[in-house]
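Since this is a predicted model, take the numbers as computed values, not measurements. Chain letters run A, B, ... following the sequence lines, proteins first, then strands; residues in each count from 1.
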Amino acid sequence: MSASSTKNDFDENIASIDFIPSDPNATFYFLPNGIGKDRRTIFTNAIQQFHLQLLTSPKNARFIIVDEQFDAPKVYSVLKLDASENDEKPKPIIIQTKWLSDSLKEKHLVPLTKDYIIRAPLIRKKAMPSFSQEPVIEEKTRFQNKPKRRLSDDQPQGGSATQVKQRRYSSDDDDDDYDIMEDYNDTVKNPYKHGELPKGNWMCSMSSQTAKKNTEVNKDIIEKLQAMADLYSKTNDKWRAYSYQKAITTIRRCTKRIDSYEEIIKLPGIGESLAKKIWEIIDTGSFEKLEDFQSSEYMTVINLFGNIWGCGPNIAKQWYDQGFRTLDDLRTKAKLSHNQQIGLKYYDEFLERMPRDEVAEIEAVVKEHALALVPDLTIQTCGSYRRGKATCGDVDILITHSDGISHQGLLIPLVDSLRKSGMLLKFI
DNA sequence: CAGTAG
DNA sequence: GGGCCTTACTG
DNA sequence: GCCC
């Protein structure tokens, strides 16, 4: 697991580090970047528990603890430290958080062996280093030559920042040499050709023609089951809804028109109860249970209320039990949370889908604002838009950076920027 | 923590 | 009979 | 609801 594949370039002087926690030289800095809230708390507590001397600044820290995803150049870049060789100060020793994890397991500090230490950035020794090493050096050069504006890297990230996912180098790929070379060319030679993601042979990048065709053959079945699943999902019967949804997925994958009970019951995730219902739809063309639900006042109202953003099965039932039956009842009488107020105000809008042109417009605006904050971001709109749908229920935008770091903490400033532009009406 | 949403 | 998908925010 |  540890990064021992490049041991040739490892500073061999460091076999294992001895230090005494009370030694004033044994100062630590904990780099929270790329570490989730919960893990941060755990590690911070561990540092206290082991009585390590934690500094608030990395400047004078002898040891720097970082997430496993970091290599030395990234650490230096994030901390804006000088990596030059002829520095009077000894360079800090960069340690993986695994050292803390293992120490927690052992209930005491485990020896700080070289497996926990991330190698210092060394000057290139040979003309042709190994592939796995090469991108690291190139990357360091990029950092030095192209300083970028970065947003509050040293601020703890809010939980919502996890919406921004990242693409990162993977040193443990099982790919063969050819693929490694491809990845190398991609990320190193053209690292700043942003805005476009590699067009892989992925399911999600293909237009769903086959799926479209498949839904046609059993369309009536799927529609009725989906209606039931939607209703159940708005009651407290979420597992029943879950089963319906799984059955729908299975049937959607059937190319052939289903026309016998025997073939239904064979399908995975479809048992006797659902098979009977599906056969009823095929045989009679109707679904009595669904029609019962649709004619029930309770289910109708629960469905109506449940379509309000921020109202789930429990709140819907509470409102029903309080005697509310219409959206106007809610508007005038019910106690609504902030989200529910917005959900009610924009009830129809939230149920509507927008043409994909509109998604493109939104994408353009978001791109403009994001790139103004951090250049060279990779921005890709995903979801139904990326799958080529004619209409979309929402806009999913994935923002990353090829260095795996610079996009961190972007979300909040980006939302702020969009809000100032007047693009955001409300947030929920 | 329960409820909701992703 | 009990799990089925995970994680985060809100109030 | 399905499945173990």
Could you please spell out the steps behind the salt bridge (charged side-chain N to carboxylate O under 4.0 Å, His left out) verdict for A:Glu280 and A:Lys289? CA-CA 10 Å; A:Glu280 181 193 348; A:Lys289 182 86 175 173; over 6 Å; no
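Rounded to whole angstrom, the span from the CD1 atom of A:Ile342 across to the P atom of C:dG11 amounts to 10 Å. Across the protein-nucleic acid pair, A:Asn339 atom CG and C:dC9 atom P stand 13 Å apart, rounded to whole Å. Rounded to whole Å, atom C1' of D:dG1 lies 15 Å from atom CG of A:Leu267. Between the OH atom of A:Tyr244 and the C1' atom of D:dC2 there is a distance of 12 Å, given to the nearest Å. In this entry the distance linking CD1 of A:Ile248 with C1' of D:dC2 reads 14 Å, nearest Å. Between the CE atom of A:Met228 and the C1' atom of D:dC2 there is a distance of 16 Å, rounded to whole Å. Distance, A:Phe350 CZ to B:dT4 P: 16 Å, rounded to whole Å. Spacing between atom CG of A:Leu231 and atom P of D:dG1 amounts to 13 Å, rounded to whole angstrom units.
Rounded to a whole angstrom, the distance from the C1' atom of C:dA8 to that of D:dG1 is 28 Å. Atom C1' of B:dC1 sits at a distance of 23 Å from the matching atom of C:dC4, rounded to the whole Å. Comparing the C1' positions of B:dG3 and C:dG2 gives a spacing of 22 Å, expressed to the nearest Å.
Within 4.0 Å of A:Ile308, counting heavy atoms only, lie sugar-phosphate atoms of the nucleic acid but no base atom.
Across all their heavy atoms, A:Gln53 and A:Ala26 have their closest contact at CB-O, 3.8 Å.
Each of D:dG1, B:dT4, C:dG11 was ranked by its minimum atom distance to the side chain of A:Ile315; first place goes to B:dT4. Checked against B:dT4, D:dC2, C:dG11, the side chain of A:Asn314 finds its nearest nucleotide in B:dT4. Closest contact between the side chain of A:His338 and the listed nucleotides C:dC4, C:dG11, B:dT4 involves C:dG11. Comparing B:dT4, D:dC2, C:dC4 by their nearest atom to the side chain of A:Trp239 picks out C:dC4.
Residue side chain A:Tyr242 fails the stacking definition with respect to C:dC4, as its ring centre and the base's six-membered ring centre are not both under 5.5 angstrom apart and under 30 degrees in plane angle.
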Using a 3.5 Å cut-off and no angle test, enumerate the donor-acceptor pairs between side-chain atoms of residues 264-275 of chain A and protein atoms at least two apart in sequence or in another chain.
from	atom 1	to	atom 2	distance (Å)
A:Glu272	OE2	A:Lys276	NZ	3.2
A:Ser273	OG	A:Lys277	NZ	3.0

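For an aromatic pair to be called close, the ring centres must be under 6.0 Å apart, and A:Tyr244 with A:Tyr232 satisfies this.
A close approach under 4.0 Å does occur between a side-chain nitrogen or oxygen of A:Lys277 and OP1 or OP2 of D:dG1.
Summarising the geometry, atom NZ belonging to A:Lys367 is positioned 11.0 Å from atom CG belonging to A:Leu377; distances are rounded to the nearest 0.5 Å.
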